[in-house]
Number of protein chains: 2
Amino acid sequence: MDQRSPVHATHLTTRSQSVIESLRSAVLSGEFAPGERLHEVPLTQRLTVSRTPVRAALQALASEGLLDYAPNRGYTVRQFPLSEVIGAYEVRSVLEGLAARLAAERGLTEADRVVLEKSLQDGDNLLSGRALSQQDRPSYSAINVSFHETIHAAAGSRILGQMIQLCLQVPISSPRNVVAFEDRDVRRRHDDHHRIFEAIVGREPWRAEMLMRDHVGSVKASLIRSLSSTIDVHLTSQR
Amino acid sequence: MDQRSPVHATHLTTRSQSVIESLRSAVLSGEFAPGERLHEVPLTQRLTVSRTPVRAALQALASEGLLDYAPNRGYTVRQFPLSEVIGAYEVRSVLEGLAARLAAERGLTEADRVVLEKSLQDGDNLLSGRALSQQDRPSYSAINVSFHETIHAAAGSRILGQMIQLCLQVPISSPRNVVAFEDRDVRRRHDDHHRIFEAIVGREPWRAEMLMRDHVGSVKASLIRSLSSTIDVHLTSQR
DNA sequence: CCGAGCAAATTTGTATACATATGGAAAACC
DNA sequence: GGTTTTCCATATGTATACAAATTTGCTCGG
């Protein structure tokens, strides 16, 4: 996966920004081993930029929590032990619960309601037939992201949204990873979405919070199941 | 308080680190108006360093949420409308609630228990007499911080601690600001501490979470009261 | 008088040279 | 032989020159 394309080919505002995205996806896709040091000069060669934007990107990724930093000793790829991933889910659970509660307290705008209803409808359609094919998974993932993001926005709290975003940065805890789950889990969780939506529309803050907390918590649970059964290999090989 | 001392006089690892601290305290103490742009060159002169560490510091403070950043247009001092401060409290409320729950689930280490008991005892002593004098406030503030930080640590979740720390960065939402509160509030909140401690020691996760949530939530409430009253004063005294 | 458009000045972004700190290997010493 | 010390290679921190972008203010045309 080493395409070695010059970063500044993409006209994404500044080189620093581009480098941030490049490095982030490289780290998340596992191109660097956990614990590995990221030296600046090799990165400049790989990305064909100078050290300045590289350093800016490293600093940014460190503050996102993806890298560790020690003064005068540079940056290393953070490793996320299972305990950290679980921790991220626990935090996300209460944060998204709060988001649902706030959304229920404030009420939805017309626009938000439409988006949520559409994602529910789309999900219904996708799940109406038999089991999801592998190709359907990305589609459902998009629906899932849309549902959750709309609620984050409806909560109307900048800090809250920012923090949820931070949680999603933690590898494997992103909702994109519904891919790894069983069909039954997906259906159950889509059902959760319906109930959460009802609670928000019905202005039941407490119920919305509890449902959302349990919803995200259940993702954690099945993630742990999925990990302990199949990905044992992965965990042990990275150690 | 413009003492204009060269930043690198303090031997705090690197210049960037020193500049971060200088700028942070400058922003928090209100030396820059909310919305004001922070140009790099003037800061270099003020701090007697080059643009490089200044830029690093600005980026760091922006990711802490203290500054806004727009590519090619630089950094501005974020303003925190009351809604933002309240939002920070709501988030902190659920996060500290989670921390208390986790601490209750895991149980306390001997060391942590001792620290918590000491902060409770110190608080009892401080509050045993009559009303707190102004000089006592900082002492109680330290006790308060110690109590909460110990619980954060006892929760054993790096991400959680990191996020709570982010909440505390938001101006006015820091526990240092017990200063602004009434005597009765302080006593009530110290009582909360006792109950929270009992719940954690007694391994009652759910109770610990609820108590802590309400505890932090009550700080929010009296902060709002305090603010609206001082604002009243400002209005009547034509500030 | 007002607005569009251009040009200069200011400001941020990037590259690079130099300074300083770290880590390790070789040499000196016990 | 093992430990300590010194020195050098390497990597990060800082300063600064240059490039690109934005802002400002002016001119010109309507």
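Everything numeric in this text was worked out from a predicted model, so none of it was measured.
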Nearest to side-chain heavy atoms of B:Asn72, which nucleotide of C:dT14, D:dT14, D:dA21: D:dA21
So, is A:Arg51 close to the D:dT14 phosphate, meaning a side-chain N or O under 4.0 Å from OP1 or OP2? no
Nearest-angstrom distance from the residue atom CD of A:Gln45 to C1' of C:dT16: 15 Å
For A:Glu84, enumerate each residue passing the side-chain hydrogen bond (donor to acceptor under 3.5 Å, both in side chains) test, keeping only those at least two apart in sequence or located in another chain. A:Arg78
Of the listed nucleotides C:dA15, D:dA15, C:dG13, the one nearest the side chain of A:Thr14: C:dG13
Side chain to side chain donor-acceptor pair (under 3.5 Å) pairs, two or more places apart, involving residues 155-165 of chain B: A:Asp68-B:Arg158
Of the listed nucleotides C:dA21, D:dA15, C:dT14, the one nearest the side chain of B:Arg15: D:dA15
What parts of residues 54-66 of chain A reach DNA chain D, counting only heavy atoms under 4.0 Å away? A:Arg55
Partners passing side-chain hydrogen bond (donor to acceptor under 3.5 Å, both in side chains) against A:Gln59 (at least two apart in sequence or in another chain): none
Protein-nucleotides 7-11 of chain D N/O pairs under 3.5 Å:
residue	atom	partner	partner atom	Å
D:dA11	O3'	A:Arg37	NH2	3.4
D:dA11	O3'	A:His39	ND1	3.3

Taking only N and O in the side chain of B:Tyr69, is any of them less than 4.0 Å away from OP1 or OP2 of C:dG13? yes
Within residues 50-80 of chain B or reaching into it, pairs that qualify as ring-ring contact (aromatic ring centres under 6.0 Å, His included) - sequence neighbours excluded: B:Tyr69-B:Tyr75
Kindly write out the residues that satisfy side-chain hydrogen bond (donor to acceptor under 3.5 Å, both in side chains) with A:Asp122, not counting sequence neighbours, or none if the list is empty. A:Lys118
Net bend of the helix from C:dC1-D:dG30 to C:dC30-D:dG1, end axes of five pairs each, nearest 10 degrees: 10°
According to ring-ring contact (aromatic ring centres under 6.0 Å, His included), who are the partners of B:Phe147, at least two apart in sequence or on a separate chain? B:His193
Atom CG of B:Leu43 to atom C1' of C:dT12: distance rounded to whole Å? 13 Å
For A:Ser50 and C:dA15, is the shortest distance between a side-chain N/O and OP1 or OP2 below 4.0 Å? yes
For D:dT14, does either OP1 or OP2 sit under 4.0 Å from a side-chain N or O belonging to B:Ser16? yes
Sequence neighbours left out, what pairs pass side chain to side chain donor-acceptor pair (under 3.5 Å) with at least one residue falling in residues 94-112 of chain B? B:Arg92-B:Glu96, B:Glu96-B:His148, B:Glu96-B:His152, B:Arg101-B:Glu209, B:Thr109-B:Asp112, B:Glu110-B:Arg113
Which heavy-atom pair separates B:Leu66 from B:Gln169 by the least distance, and what is that distance? CD1-O, 3.7 Å
First locate atom CD1 of A:Ile164, then atom CD of A:Glu149, and finally report the distance between them rounded to the nearest 0.5 Å. 10.0 Å
Apply side-chain contact (heavy atoms from CB on, under 4.5 Å) to A:Ser83 and list each qualifying residue two or more places apart in sequence or on a separate chain. A:Pro81
Could you pull out all residues at least two apart from B:Phe32 that satisfy ring-ring contact (aromatic ring centres under 6.0 Å, His included)? none
